[in-house]
Amino acid sequence: MGIMRAGRRLPKWARTVVGVVAVWDVVWKGLALWQAAKRRQPVWFVALLILNTAGILPIAYLVMMKRRDRADDQEAWDRQYSQ
């Protein structure tokens with residue numbers, strides 16, 4: 001109950017910021033968890049699930065995986081057309 005009262009004492013702008021950051025984190029975390037599960041990467045899945053980083057870790061994971069996919073695509077392209 002004490003936490004509820006503390007939340008009501010926050011200014012409206014602060015409650016709005018907290019709400020926006022929470023939604024931001026949930027969206028990015030959801031995307032990253034989905035990708036980690038799809039790629040069968042349990043270590044990343046657990047790390048993303050447990051650590052609360054306001055979206056920073058999920059975004060970093062998604063960026064790293066996108067770069068890895070691009071590199072893999074480039075290698076496949078090179079192998080196919082270099083023969």
Side-chain angles (χ1 to χ4, degrees):
M1 185 80 167
I3 293 174
M4 298 283 286
R5 283 191 213 131
R8 288 187 205 138
R9 287 188 295 215
L10 287 174
K12 186 175 181 174
W13 66 267
R15 287 183 294 204
T16 302
V17 168
V18 169
V20 168
V21 169
V23 170
W24 169 270
D25 185 45
V26 167
V27 169
W28 285 108
K29 186 175 280 202
L31 289 170
L33 285 170
W34 177 62
Q35 285 292 320
K38 187 175 155 184
R39 295 171 184 274
R40 299 174 191 254
Q41 297 175 324
V43 173
W44 271 107
F45 187 89
V46 171
L48 290 163
L49 186 63
I50 293 174
L51 299 175
N52 293 315
T53 59
I56 295 168
L57 183 60
I59 291 170
Y61 171 78
L62 291 169
V63 167
M64 286 186 327
M65 292 300 117
K66 185 171 216 80
R67 286 182 183 162
R68 177 191 269 178
D69 286 346
R70 285 185 184 160
D72 291 346
D73 290 346
Q74 184 63 44
E75 288 176 17
W77 176 270
D78 291 343
R79 278 193 307 266
Q80 183 177 1
Y81 293 104
S82 66
Q83 297 173 0

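For residues 28-61, the ring pair (Phe, Tyr, Trp, His ring centres under 6.0 Å) pairs, not counting sequence neighbours, are W24-W28, W44-Y61.
Linking ILVMFWY side-chain heavy atoms closer than 4.5 Å, directly or via other members, places M65 and V46 in two distinct hydrophobic clusters. Taking hydrophobic clusters as Ile, Leu, Val, Met, Phe, Trp and Tyr residues chained together by side-chain heavy-atom distances below 4.5 Å, M64 shares a cluster with L51. At a threshold of 4.5 Å between side-chain heavy atoms, the hydrophobic network of Ile, Leu, Val, Met, Phe, Trp and Tyr places V23 and L62 in one connected group.
The only member of L57, V63, I56 that meets side-chain contact (heavy atoms from CB on, under 4.5 Å) when paired with I59 is V63.
Contact between L48 and A36 at its shortest, heavy atoms only, is CD1-CB, 4.2 Å.
The distance from atom CD of Q41 to atom CD of Q35, rounded to the nearest 0.5 Å, is 9.0 Å.
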